[in-house]
Amino acid sequence: YCPVLLGGIMEIVKLTKENIDKEHICCAFSDKKFQESYELKKQWLKREFDNGYVFRRLDERAKVFIEYGPAEKSWIPVTAPNYMMINCFWVSGKYKGTGLGKTLLQQTIDDAKTQGKDGLVTVVGTKKYHFMSDTNWLVGQGFEICESIPSGFSLLVKHLKSQGTQPAFNDSVKTGQCPDK
């Protein structure tokens, strides 16, 4: 999982409770004017690691990372039992087209298979949004659109087992009504 890039070997780092305090988290929050939000995200990650959440990134000061965890524990309003939910996946700048995205995705697939998951899911835009993963790239990696909603979002799935249930947006997404009034 260490791709050769730009004349050297690039390493992927998995963040944990033990190393997150000394590691950066790649997010747009990392700008100094968002320091409080950046620290709050790190605190949230520390709690979510106990729920199976994973954050992997390139061992460089770059926005090259993937975040994922069990869909049952995701904050995204999707029903996808026994799937892994990709929350944030980003490869930017000079690292695009280097194979790092495929490496990060393969590590996620390997984790899902090891855990006996039925597949991976993620939410993307039906058009290009600057804050969402690239729909076309994910489709090229074997994801399929399993549901789209009029507000401009699609649910993608990559099945790892044929007998898995079909993921779906929760009714609240389709109706715009929160069940907890």
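Residue indices begin at 1 and follow the sequence shown.
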Within a strict 4.5 Å, meaning less than it, do heavy atoms of the Ile66 and Cys88 side chains meet? no
With a 6.0 Å cut-off (strictly less than), is the heavy-atom count around NZ of Lys161, excluding the residue itself, greater than 12?
yes
Go through Leu104 and Val64 one step at a time and tell me if the side-chain contact (heavy atoms from CB on, under 4.5 Å) criterion holds. CA-CA 9 Å; Leu104 289 166; Val64 180; 4.0 Å; yes
Between Val157 and Cys146, the two heavy atoms sitting closest are CG1-CB, 3.9 Å
Notebook entry, point to check: Would you say Thr126's side chain and Gly152's backbone share a donor-acceptor pair under 3.5 angstrom?
Noted result: yes
Notebook entry, point to check: Between Lys63 and Gly93, is there a donor-acceptor pair closer than 3.5 Å when you use the side chain of the first and the backbone of the second?
Noted result: no
inquiry  = Could you check whether any side-chain heavy atom of Thr103 comes within less than 4.5 Å of a side-chain heavy atom of Thr98, counting everything from C-beta outward?
reply    = no
- Message: Would you say Leu40 ends up clustered with Phe55 if hydrophobic residues are merged whenever their side chains have heavy atoms under 4.5 Å apart, either directly or through other cluster members?
- Response: no
Requested in this report: May I ask you to decide if Glu72's main-chain N or O and Asn82's side chain share a donor-acceptor pair within less than 3.5 Å?
Outcome: no
Note: Glu67 and Lys41 closest approach over all heavy atoms is OE2-NZ, 2.8 Å
Rounded to the nearest 0.5 Å, the CG atom of Leu45 sits from the CG atom of Asp50 at a distance of 11.5 Å
Across all chains, not counting sequence neighbours, the side-chain contact (heavy atoms from CB on, under 4.5 Å) partners of Leu160 are Ile109, Ala112, Lys113
message: Set out, in order, the CA-CA distance, both residues' side-chain angles and the distance that settles side-chain contact (heavy atoms from CB on, under 4.5 Å) for Val123 and Val78, then state yes or no.
response: CA-CA 9 Å; Val123 175; Val78 167; 4.1 Å; yes
Q: Check whether any side-chain heavy atom of Lys117 lies under 4.5 Å from a side-chain heavy atom of Tyr83, and answer yes or no.
A: no
Report, one line per pair, each donor and acceptor closer than 3.5 Å where one atom sits in a side chain of residues 166-174; sequence neighbours left out.
{"unit_1": "Gln166", "atom_1": "OE1", "unit_2": "His159", "atom_2": "NE2", "d": "3.3"}
{"unit_1": "Asn170", "atom_1": "OD1", "unit_2": "Thr79", "atom_2": "N", "d": "3.1"}
{"unit_1": "Asn170", "atom_1": "OD1", "unit_2": "Thr79", "atom_2": "OG1", "d": "2.6"}
{"unit_1": "Lys174", "atom_1": "NZ", "unit_2": "Glu147", "atom_2": "OE2", "d": "3.1"}
{"unit_1": "Lys174", "atom_1": "NZ", "unit_2": "Phe169", "atom_2": "O", "d": "3.4"}

Output for pair (Leu15 CG, Ile25 CD1), nearest 0.5 Å, gives 8.0 Å
Does a side-chain heavy-atom distance below 4.5 Å link Ile20 with Lys46?
yes
- Item | Student check: side-chain heavy atoms of Tyr95 and Leu58 closer than 4.5 Å | yes
Open item on the list: Checking Ile145 against Leu155 for the side-chain contact (heavy atoms from CB on, under 4.5 Å) test, could you report, in this order, the C-alpha distance in whole Å, the side-chain angles of both residues, the deciding distance, and whether it holds?
Closed with: CA-CA 6 Å; Ile145 297 172; Leu155 180 61; over 6 Å; no
Rounded to the nearest 0.5 angstrom, the NZ-OG1 distance for Lys158 and Thr108 is 11.5 Å
For this session: Step by step, work out the side-chain contact (heavy atoms from CB on, under 4.5 Å) result for Gln43 and Arg47.
Result: CA-CA 7 Å; Gln43 290 172 23; Arg47 290 189 306 272; 4.1 Å; yes
- 4.5 Å side-chain heavy-atom contact, Phe143 and Leu120: yes
What one should report as the nearest heavy-atom pair of Val124 and Ser133 is CG1-O, 3.9 Å
Check whether Lys42 reaches the backbone of Glu23 with its side chain - one donor and one acceptor, N or O, closer than 3.5 Å. yes
Taking the ring of Tyr53 and the ring of Trp44, is the distance between their centroids below 6.0 Å? yes
Side chains of His24 and Arg57: closer than 4.5 Å at any heavy-atom pair?
yes
Out of curiosity, does Ile149 fall in the hydrophobic cluster containing Met85 (side-chain heavy atoms, cut-off under 4.5 Å, transitive links)? yes
Separation between CG (Leu100) and OG (Ser92), nearest 0.5 Å, reads 10.5 Å
Ser154 (side chain) donor-acceptor with Gly125 (main chain) under 3.5 angstrom
no
Q. Side chains of Tyr68 and Arg56: do they bring a donor and an acceptor to under 3.5 Å?
A. yes
Value for CG (Asp111) from NZ (Lys14), rounded to nearest 0.5 Å, stands at 6.0 Å
Close side-chain approach of Phe89 to Thr122, heavy-atom, < 4.5 Å:
no
